[in-house]
Amino acid sequence: MKYDFKAVEAKWQKIWEDEHTFHAEIDHSKPKFYALVEFPYPSGAGLHVGHPRSYTALDIVARKKRQCGYNVLYPMGWDAFGLPTENFALKNHIDPHIVTERNVARFKGQLKALGLSFDWDREINTTDPDYYKWTQWIFLQLYKKGLAYKKETTVNYCTGCKVVLANEEVVNGVCERCGSPVVHRVKSQWMLRITAYADRLISDLDGLDYIERVSTQQKNWIGRSYGAEINFDTSAGDTLTVFTTRCDTLYGCTYMVVSPEHAFVQKWLDAGLIQNADEVRAYQAEAARKSDFERTELNREKTGVRIEGVTAHSPVSDEPVPIFISDYVLATYGTGAIMGVPAHDARDWEFAKKFGLPIIEVVHSQDGVDVNEAVFTDVATGTLVNSGFLNGLSVGEAKEKMADWLTANGRGRKQVNFKLRDWVFSRQRYWGEPIPMVYCENCGWQPIPESELPLRLPAITDFEPGPDGESPLARHTEWINTTCPCCGGPAVRETDTMPQWAGSSWYFLRYMDPHNPDALAGREALDYWSPVDWYNGGMEHTTLHLLYSRFWHKFLYDIGVVPTSEPYQKRTSHGMVLGLNPHSFVNLPADEQRALVAEHGGEAGAKAYLVEKYGEMAEHPVVKMSKSLGNVVNPDDMVAEYGADTLRLYEMFIGDFEKAAPWNPASVKGCKRFLDRIWALSDKLVDGDGIRPALETLAHRTVKKVGEDIDALKANTAIAQLMIYVNALYDNGGATRAEYELLLQLLNPFAPHMTEELWEQLGHTERLAYHPWPQYDPAKCTEATIEIAVQVNGRIKARIRVPADIDAPAALAAAKAEPAVAEAVAGKTLVKEIYVKGKLVNLAVKG
RNA sequence: GCCGCCGUGGCGGAACUGGCAGACGCAAGGGACUUAAAAUCCCUCGGUGGCAACACCGUGCGGGUUCGAUCCCCGCCGGCGGCACCA
């Protein structure tokens, strides 16, 4: 009988739903396992074929863990606040609540059709007031601890979305989402002091099982630098402090630079100390005008103005040091001022050359680099010169000695700086969590009482942002006007809402106890389920969501709300699913290729023709899926044509999970064939008890390999192993019941519908989903005799079959007895004999 | 520029810790079954030479270490991702 995947998949999906098969409850008698995938933003476009890659991978892990006896929590929900929904609502005059509801229903239907073993009883939605009550509650706690504050600040303002963006949302000076130019604006914004956690966010990575590229990227993003602050006295009678990682080069400092925004510049201007005030003001104005985009795209030619009338003095040599302003020094990093050491810093070297400033060598290079010709920045090899008490030291020693000297003489101190900036937390938008703060003329900003949470979003119909980029809520005076919780007088609500990252910064906690009305999650649930054991998600969230949620979690840990200091024990990341370029030569059907080659005189001609017709893109066989290329794959279509089990299998078989992989529609057939062959095998059951001797080694090996590969996220090779096993069953005339049941057990995490059906047909009444995972015997994973290679000087001369436990002398003797080997060795001197257990023999000969 | 990752057949990809390169699958070619097609089954499938056993070449390029290198080292070339004047 042919496999009717439609009927079988519908049947089992209904059973899982009716029986709540994958519902998890706290059970102290079992070890817990919390598997998590990033919950989706329910967009109007529906599920993309990329979503199931992550979901299926951890579904396989979760299913196997259940069979291994773990109490598994594998939840799903909706990260539903956000701009696309609001924009859609705005354009079509539909309430975003309704748009969200519709999109969620669609996503949920699509996910259920994939047979994912989510515990749907724990479904959450960030736009649900019972959920965002706790998002707001966390904000209030941050406020109470001084980690949320309002600040007048220049912010990134997207001219397209008319909204303030976080640094992380600005890519190459344009809006990450809409691509419009981003300009600077001064606004009063809520900020979160993530910088207070910068050090721990780096250091605590050490105890976690994150894939390396994730922890490296987070470390680089946070950007910890060890260095020193150095104080320079100025002729204005004040002290200008700089930050440097190279305090060893202080004797080489020939000038200083402050950023155009530095407070001292204004102070000196106001005091009339600057003789070229007009020139300085003009430079300040020019720098302020530049957008991020211009700062990024303009060539890096150094510009600047020397401040006439104020000079500094070197703390070590007491030499006068001129001061410049230049926009190559950033106001927001360090102290906003630097010391210029042109001999040993590439940027300073360039600046000094342009302005004709002296270049003094203080670190001598072994290779004799002339610092007037080229900058010398190597810290590993140089020796200090021209540097008083540092002469003769290495860079490392000199740094220490100088830092000590600065501290002892009150001229500076050691200092650690971070690139990470505080998190701009305000958005001038409607579709987000209202920030639970009110402003009173008398009392200033006041938090609303926790008893008033959730502060609900009012129902409105006009979603357009205000003229100056204010939130649409700013027009709704009936909602804004309230009373001050402090003095009872009139007050107004904050009209900005939270960014989309807010709701996703703690959602994994809510899954643990999703319906709790009294806390974000109950203590027992938090103690039992924390932390997330395995979290998989996209690389694009590494420096955004992943970092933000680690910050919030550490804060919640500090105030005693959660039991662990880190939210996720293990983090992995899947590669993107790409599409095949239908215009690339290699992707054309063979007959079309032949026709083109014939028509254009060879392959080169055919390719040139395609490039001419379709543009440069035609040279790339693998591209992002796009509507214009027509290579977008819809999961619904795949499920309808091949079934969910085939789709799941292909998603996993497509390639290395960590790497991007192209979706090849033709290859899906191979997975379908594999399942059909397994289905057909149910008619080929042969007599026999247990596993037949001919298949025993393979069976044990397969159990080992499939189990290990699932744990290592290598589903592709696990499936390959199962294919080998199935091919072997066919080669042996079919399967015994035991051989077949073993196959169904191992395949269940990958193809749960079909295997449950076949399991039931074999007469089982209990669910395969909870049937214990098979064991293997390591001793039975190798054959009694094995084939090893015999090499002479690394070249294979023969293959011999020997007992698996053969010792080296016997193996070498057997190897030498081979005629081909004897011939190759004859008349030569044997210099070395190698036997690698179970692998090969290699004889090294001379002459 | 800096940091990280990656280059293996026509394609996706395997290969434990330095030990038989190309598992598994797709596509392709040939054959069987069929009135025919689909489906299914069997065979071939890195390159060159040879009837053949077999020989030689082959993991981006050039060197090196080693009995032995896809894997380690040095120097290049190409691609992807992140950061980008962070002192």
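Residue numbers start from 1 in every chain, and the chains themselves are labelled A, B, ... in the order their sequence lines are given, proteins ahead of strands. Scope of the values below: all heavy atoms of this structure, side chains included, with no hydrogens, waters or symmetry mates.
- A straight line from CG of A/N842 to P of B/G68 spans 8 Å, rounded to a whole angstrom.
- Atom-to-atom, NZ of A/K669 to C1' of B/A28 comes out at 13 Å; the value is rounded to the nearest Å.
- Regarding the sugar-base torsion, B/G50 falls in the anti class, its angle being beyond 90° of 0.
- Between A/R413 and A/L406, the shortest heavy-atom contact is N-CB, 4.5 Å.
- The nucleotide whose nearest atom lies closest to any side-chain atom of A/P662 is, among B/G13, B/G19, B/A15, B/G13.
- Of the side-chain N and O atoms in A/N664, none sit less than 4.0 angstrom from OP1 or OP2 of B/G25.
- Nearest heavy-atom pair across A/L240 and A/A337 is CD1-CB, 4.2 Å.
- Ring pair A/Y650/A/Y642: centre-to-centre distance not below 6.0 Å.
- Distance A/K419 NZ to B/C3 C1': 9 Å, rounded to the nearest Å.
- Following rounding to the nearest Å, A/F653 (CZ) and B/A14 (P) show an atom-to-atom distance of 10 Å.
- Spacing between atom NZ of A/K839 and atom P of B/C67 amounts to 21 Å, rounded to whole angstrom units.
- Within the nucleic acid shown, A/I724 comes within 4.0 Å of sugar-phosphate atoms alone, with no base atom in reach, counting heavy atoms only.
- In this structure, A/V242 and A/I338 approach most closely via the heavy-atom pair CG1-C, 3.4 Å.
- Following rounding to the nearest Å, A/E658 (CD) and B/G4 (C1') show an atom-to-atom distance of 13 Å.
- Rounded to the nearest Å, the gap between the C1' atom of B/A15 and that of B/A23 is 8 Å.
- In this structure, A/K659 places its NZ atom 11 Å from C1' of B/A14, rounding to the nearest Å.
- A close approach under 4.0 Å does occur between a side-chain nitrogen or oxygen of A/N716 and OP1 or OP2 of B/A14.
- Between A/Y3 and A/D645 there is a side-chain heavy-atom pair separated by less than 4.5 Å.
- To the nearest whole angstrom, the two C1' atoms, one in B/G9 and one in B/G13, are 11 Å apart.
- Regarding contacts with the backbone of B/G81, every side-chain N or O of A/R213 stays at 4.0 angstrom or more from both OP1 and OP2.
- By the 30° and 60° cut-offs, the orientation of the rings of A/F351 relative to A/Y255 is parallel.
- Residue A/R673 places none of its side-chain N or O atoms closer than 4.0 Å to OP1 or OP2 of B/A38.
- Within the 4.0 Å cut-off from OP1 or OP2 of B/A87, not a single side-chain nitrogen or oxygen of A/Y328 is found.
- Side-chain proximity of A/T717 to B/A15, B/A87, B/G25: nearest is B/A15.
- Distances from the side chain of A/A666 to the nucleotides B/A87, B/G25, B/A27 place B/A27 closest.
- Taking atom C1' on both nucleotides, B/U65 is separated from B/C73 by 7 Å, rounded to a whole Å.
- Taking atom CD1 of A/I654 as the reference point, atom P of B/C11 lies 16 Å away to the nearest angstrom.
- With B/G81, B/A21, B/G19 as the candidates, the nucleotide lying closest to the side chain of A/I796 is B/A21.
- Aromatic ring orientation, A/W423 versus A/Y548: parallel (interplanar angle below 30°, classes split at 30° and 60°).
- In this structure, the nucleotide among B/C67, B/A21, B/A87 sitting nearest to the side chain of A/N793 is B/C67.
- Here, B/G22 and B/A14 have their C1' atoms 7 Å apart, quoted to the whole Å.
- Taking atom C1' on both B/G78 and B/U59, the two are 16 Å apart, rounded to the nearest angstrom.
- B/C6 and B/G30: their P atoms are spaced 40 Å apart (whole Å).
- Residue A/N727 is in sugar-phosphate contact alone, with no base atom involved, counting any heavy-atom pair closer than 4.0 Å across all strands shown.
- B/U70 and B/G7 have their P atoms separated by 14 Å, with the value rounded to a whole Å.
- With B/G81, B/G19, B/C85 as the choices, the nucleotide that has an atom nearest any side-chain atom of A/K302 turns out to be B/C85.
- The same atom, P, is picked in B/A53 and in B/C45; the two are 11 Å apart, to the nearest Å.
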